[in-house]
Amino acid sequence: MDADFTNEGTISGTIRFLKNITGLWLIQSLVREWEGGGETCNYATLVDEAERSSCNSVIDVSDNIFVAPKSMNEAITNYCKSHGEPEPITKGDFMRVICVSLAEEYAKVKLQLESCTGKVINTIHVVGGGSQNALLNRLTAEKTGCTVIAGPVEATAIGNIAVQAFASGELKTAEDLRLLLSKIDIKQYNP
């Protein structure tokens, strides 16, 4: 509880030890803001620009200032300014700040999880949209010292299908699901 972990029941009757981490919501908010201002944003281009950026400022992604700001752009800029971090200027800078900061947060939570469980974590699985962000996955591998397995991209849809397959009896065990998922394309990033 002190580290803000919780227990969540799963469909198979087991318990998942869980900690929610603010993630790509920050990027989605920026993109929505930029596009609302008439700018064109392409996710792959943003990642490319972030790769070339040298802005390595770190923000606390869990800070309440980022929950629902009027302007995510201003919230990040103001956070950097008030914490003595270089302020991001370009879209690539903002993307890099978020990726670096998320990777730092993942490393912190990994250490908390190891402390709580007494187990060493060597692998991190990234699913959903974040699995397509090569920069974030590479930084996560570097900051955590873990191998990062990225994919599947459509994790939510696959999870929904899996629940229905369990309910209908098409899948009987977690091993059946693992076998099915082993056929899905994934990428691996090493520390």
Side-chain angles (χ1 to χ4, degrees), residues 1-8 10 15-31 43-44 46-69 72-73 75-88 90-153 155-156 186-191:
M1 269 179 15
D2 291 340
D4 202 25
F5 282 88
T6 187
N7 295 309
E8 180 177 80
T10 69
I15 300 295
R16 177 172 46 184
F17 198 47
L18 173 73
K19 180 170 186 168
N20 287 314
I21 301 171
T22 300
L24 299 178
W25 147 259
L26 300 166
I27 294 169
Q28 292 167 348
S29 295
L30 282 172
V31 167
Y43 192 74
L46 290 173
V47 172
D48 287 342
E49 290 174 10
E51 288 276 9
R52 292 189 302 274
S53 169
S54 60
C55 187
N56 285 308
S57 298
V58 176
I59 60 174
D60 178 358
V61 296
S62 298
D63 193 298
N64 286 335
I65 193 173
F66 303 119
V67 173
M72 186 63 75
N73 196 47
I76 292 171
T77 300
N78 291 338
Y79 184 95
C80 288
K81 190 182 302 183
S82 68
H83 288 81
E85 294 279 347
E87 296 170 40
T90 67
K91 288 186 197 114
D93 291 346
F94 279 94
M95 180 70 125
R96 184 167 190 86
V97 166
I98 292 170
C99 290
V100 168
S101 300
L102 286 172
E104 291 281 350
E105 183 70 9
Y106 298 158
K108 183 175 98 178
V109 171
K110 175 203 176 250
L111 292 175
Q112 289 173 332
L113 184 57
E114 288 176 333
S115 176
C116 288
T117 63
K119 296 180 180 179
V120 175
I121 297 166
N122 297 311
T123 305
I124 294 174
H125 292 265
V126 177
V127 298
S131 68
Q132 296 177 321
N133 188 326
L135 174 62
L136 176 58
N137 294 322
R138 191 184 79 247
L139 290 170
T140 299
E142 289 171 9
K143 301 285 183 185
T144 63
C146 292
T147 297
V148 171
I149 306 294
V153 173
T156 301
I186 59 170
K187 291 186 172 91
Q188 183 170 314
Y189 300 83
N190 296 310

Can you list every pair that meets side-chain hydrogen bond (donor to acceptor under 3.5 Å, both in side chains) and has a residue in residues 117-131, with sequence neighbours left out? none
Considering residues at least two apart in sequence or located in another chain, which fulfil the ring-ring contact (aromatic ring centres under 6.0 Å, His included) criterion with F66?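 By the ring-ring contact (aromatic ring centres under 6.0 Å, His included) rule, F66 matches Y79.
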Taking salt bridge (Lys or Arg N to Asp or Glu O under 4.0 Å) as the definition, give me every residue that meets it alongside E85, ordered by chain and number, with sequence neighbours left out. none
Name all residues meeting the salt bridge (Lys or Arg N to Asp or Glu O under 4.0 Å) criterion together with K108; count only those two or more places apart in sequence or in a different chain, and write none if there are none.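 For K108 the salt bridge (Lys or Arg N to Asp or Glu O under 4.0 Å) partners, ignoring immediate neighbours, are E105.
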With [X], which residues qualify under side chain to side chain contact (heavy atoms under 4.5 Å, CB included), at least two apart?
X	value
T144	Y106, A107, K110, I124, T140, C146
T10	S12, T14, R16
N64	V67

Donor-acceptor contact present, side-chain S115 to main-chain L111, <3.5 Å: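 No: the side chain of S115 does not pair with the backbone of L111.
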Any idea which heavy atoms bring [X] and [Y] closest together, and the distance?
X	Y	answer
A141	Y189	CB-O, 3.8 Å
D93	S53	OD1-OG, 2.6 Å
L135	A50	CD2-CB, 3.5 Å
E114	I121	OE2-N, 2.8 Å
G128	A155	N-CB, 3.8 Å

Reported [atom1]-to-[atom2] distance for the pair [X] and [Y], which is rounded to 0.5 angstrom:
X	Y	atom1	atom2	result
L30	L46	CG	CG	9.0 Å
L18	T6	CG	OG1	6.5 Å
L24	C99	CG	SG	7.5 Å
F17	L113	CZ	CG	6.5 Å
D4	I21	CG	CD1	10.5 Å
S82	I65	OG	CD1	6.5 Å

Any pair counted as salt bridge (charged side-chain N to carboxylate O under 4.0 Å, His left out), so long as it reaches residues 46-60, sequence neighbours left out: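 Residue pairs with at least one partner in residues 46-60: E51-R138.
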Do the non-hydrogen side-chain atoms of [X] and [Y] ever get within less than 4.5 Å of each other?
X	Y	answer
Y43	N133	yes
V126	L136	no
L139	L102	no

Test side-chain contact (heavy atoms from CB on, under 4.5 Å) on F5 and V109; report intermediate values, then the result. CA-CA 10 Å; F5 282 88; V109 171; 4.0 Å; yes
Restricting to side-chain hydrogen bond (donor to acceptor under 3.5 Å, both in side chains), what partner residues turn up for [X], sequence neighbours left out?
X	value
N73	none
T156	none
N137	none
K19	Q112

The test is side-chain contact (heavy atoms from CB on, under 4.5 Å); show your working for H83 and V58 and say whether it passes. CA-CA 9 Å; H83 288 81; V58 176; over 6 Å; no
Can you spot which of P86, S57, C55 makes a side-chain contact (heavy atoms from CB on, under 4.5 Å) with C80? S57
